[in-house]
Amino acid sequence: GSVPNVNSKKYSEPFTISSTTVINARTINKSEVASDVETYSFILNEQDYLPIVSIVMDDQDFATMDHYSYDTELQFPCTIQYFVDGNLQFSQPCSIACFGGNARSQYKKSYGLRFKGEFGDNNLEYQMFANRDNSVYDSLVLRTGSNDWARTIFRDILSTSLMDEYLNEKYKRVIYD
């Protein structure tokens, strides 16, 4: 998940991948500007009945974010990759931070992804939710179920979906945007 630099392992020949892994790659020539980092998530031998979100970030950044989860100012660069039926739908740089209240103290935390110019494009353009017209997002939240994380993990989204037809459009934007 780290950004390759001149001290990173160099590859000049093909190599084999036999399990799920992530590769960040770039071309670095001392006399030229380094290329952009290309990120590839290889998800192998997994049952992908549901869409898959791959968050790629430096291990040290993740450890810091996890350890200082109550620091609301902390955010780190990452790349989100989204797969449906094994096919990559998008790959985009963004920032990641812990999200929510009680979930910050849990083993499984919620994370907020922000799409800002500092970390990549200003928006994510993709139809994330089939039952919504939205296709442009400046942020997304990967939720764990908050206080429900040790039980069903979907109580919040179930309750929201049951009330969906009774909610006004403004409230729907708050929940799903």
Side-chain angles (χ1 to χ4, degrees), residues 1-11 20-43 51-84 87-130 132-146 149 156-157 169-177:
S2 62
V3 174
N5 60 45
V6 293
N7 299 318
S8 299
K9 189 170 185 176
K10 295 174 179 76
Y11 292 97
T20 296
T21 193
V22 172
I23 295 175
N24 278 339
R26 75 187 320 181
T27 302
I28 299 175
N29 184 335
K30 292 180 183 177
S31 64
E32 298 176 13
V33 174
S35 70
D36 291 336
V37 175
E38 296 292 329
T39 300
Y40 302 93
S41 293
F42 295 93
I43 301 167
I52 296 172
V53 174
S54 175
I55 302 296
V56 181
M57 65 187 292
D58 187 280
D59 290 343
Q60 294 289 352
D61 288 349
F62 183 79
T64 301
M65 182 175 62
D66 190 51
H67 184 73
Y68 297 102
S69 61
Y70 279 97
D71 185 340
T72 58
E73 300 298 315
L74 275 182
Q75 62 178 336
F76 296 94
C78 71
T79 298
I80 178 176
Q81 296 188 314
Y82 185 66
F83 297 85
V84 176
N87 298 309
L88 179 65
Q89 302 299 302
F90 64 82
S91 177
Q92 186 166 329
C94 60
S95 70
I96 188 168
C98 282
F99 182 85
N102 291 336
R104 291 173 184 263
S105 66
Q106 304 298 332
Y107 175 72
K108 295 181 182 178
K109 296 172 176 36
S110 295
Y111 298 101
L113 301 169
R114 295 185 186 111
F115 304 94
K116 304 288 182 200
E118 178 183 350
F119 297 101
D121 296 334
N122 284 324
N123 294 301
L124 169 66
E125 294 184 24
Y126 183 80
Q127 185 77 37
M128 290 296 298
F129 307 101
R132 295 287 173 259
D133 293 334
N134 305 34
S135 61
V136 178
Y137 300 90
D138 61 8
S139 62
L140 290 174
V141 175
L142 302 175
R143 296 183 58 121
T144 60
S146 193
W149 76 270
D156 184 47
I157 193 64
E169 289 302 314
K170 180 179 178 184
Y171 187 67
K172 285 181 185 178
R173 282 193 301 274
V174 169
I175 294 172
Y176 293 105
D177 287 356

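Values reported hereafter were calculated over all heavy atoms of this structure, with side chains retained and with hydrogens, waters and symmetry mates removed. These numbers come from a predicted model, not from an experiment.
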Q: Can you confirm whether C78 sits close enough to C94 that some side-chain heavy atom of one is under 4.5 Å from a side-chain heavy atom of the other?
A: yes
Q: Not counting sequence neighbours, which residues clear side chain to side chain donor-acceptor pair (under 3.5 Å) with Q92? List them please.
A: none
Q: Could you check S54, P51, S91 and say which one makes a side-chain contact (heavy atoms from CB on, under 4.5 Å) with F83?
A: S54
Q: Going by side chain to side chain contact (heavy atoms under 4.5 Å, CB included), name the residues that satisfy it together with L142, two or more places apart in sequence or in a different chain.
A: V53, I55, L113
Q: State, to 0.1 Å, how close I96 and M65 come at their nearest heavy-atom pair, and which atoms those are.
A: O-SD, 3.9 Å
Q: Could you state the interatomic distance from CD (Q81) to CG (L88), rounded to the nearest 0.5 Å?
A: 5.5 Å
Q: Treating N5 as the side-chain partner and N7 as the backbone partner, does any N or O pair qualify as donor plus acceptor under 3.5 Å?
A: yes
Q: State which residues pass salt bridge (Lys or Arg N to Asp or Glu O under 4.0 Å) with D66; sequence neighbours excluded, sorted by chain then number.
A: K109
Q: Quick one: pull up OG1 in T64 and CG in D71 and give me the separation to the nearest 0.5 Å.
A: 10.5 Å
Q: Do you know the tightest heavy-atom contact between F62 and M57?
A: N-CE, 3.6 Å
Q: Output all residues satisfying side chain to side chain contact (heavy atoms under 4.5 Å, CB included) with Y40, sequence neighbours left out; order by chain, then residue number.
A: E38, F42
Q: Please name the pair of heavy atoms, one in V3 and one in S8, separated by the smallest distance, quoted to 0.1 Å.
A: O-OG, 4.4 Å
Q: State which residues pass side chain to side chain contact (heavy atoms under 4.5 Å, CB included) with Y126; sequence neighbours excluded, sorted by chain then number.
A: Y82, V84, Q89, F90, L124, M128
Q: Take a 6.0 Å sphere around CD of Q60 and say whether it holds more than 12 heavy atoms from other residues, nucleotides or ligands.
A: no
Q: Which heavy atom in I80 sits nearest to a heavy atom in F115, and how many Å separate them?
A: CG2-CE2, 4.0 Å
Q: Could you list the residues that satisfy ring pair (Phe, Tyr, Trp, His ring centres under 6.0 Å) with Y70, not counting sequence neighbours?
A: none
Q: Please report the shortest heavy-atom distance between F119 and F76, naming the atom on each side.
A: CE2-C, 4.4 Å
Q: Out of curiosity, K116 NZ to R114 CZ, how far, rounded to the nearest 0.5 Å?
A: 7.5 Å
Q: Can you measure from CD (Q75) to SG (C98) and round to the nearest 0.5 angstrom?
A: 12.0 Å
Q: The criterion is side chain to side chain donor-acceptor pair (under 3.5 Å); which residues satisfy it with S69, sequence neighbours excluded?
A: none
Q: If you count every heavy atom of other residues, nucleotides or ligands that lies below 6.0 Å from D36 atom CG, does the total exceed 12?
A: no
Q: Which residues pass the side chain to side chain contact (heavy atoms under 4.5 Å, CB included) test with F99, not counting sequence neighbours?
A: S110, V141
Q: Which atom pairs, donor and acceptor, lie under 3.5 Å between side-chain atoms of residues 22-29 and protein residues at least two apart or in another chain?
A:
from	atom 1	to	atom 2	distance (Å)
N24	OD1	T39	OG1	2.7
N24	ND2	G1	O	3.2
N24	ND2	S2	O	3.1
R26	NE	S35	O	3.0
R26	NH1	P4	O	3.0
R26	NH2	S35	O	3.0
N29	OD1	S31	N	3.2
N29	OD1	S31	OG	3.2

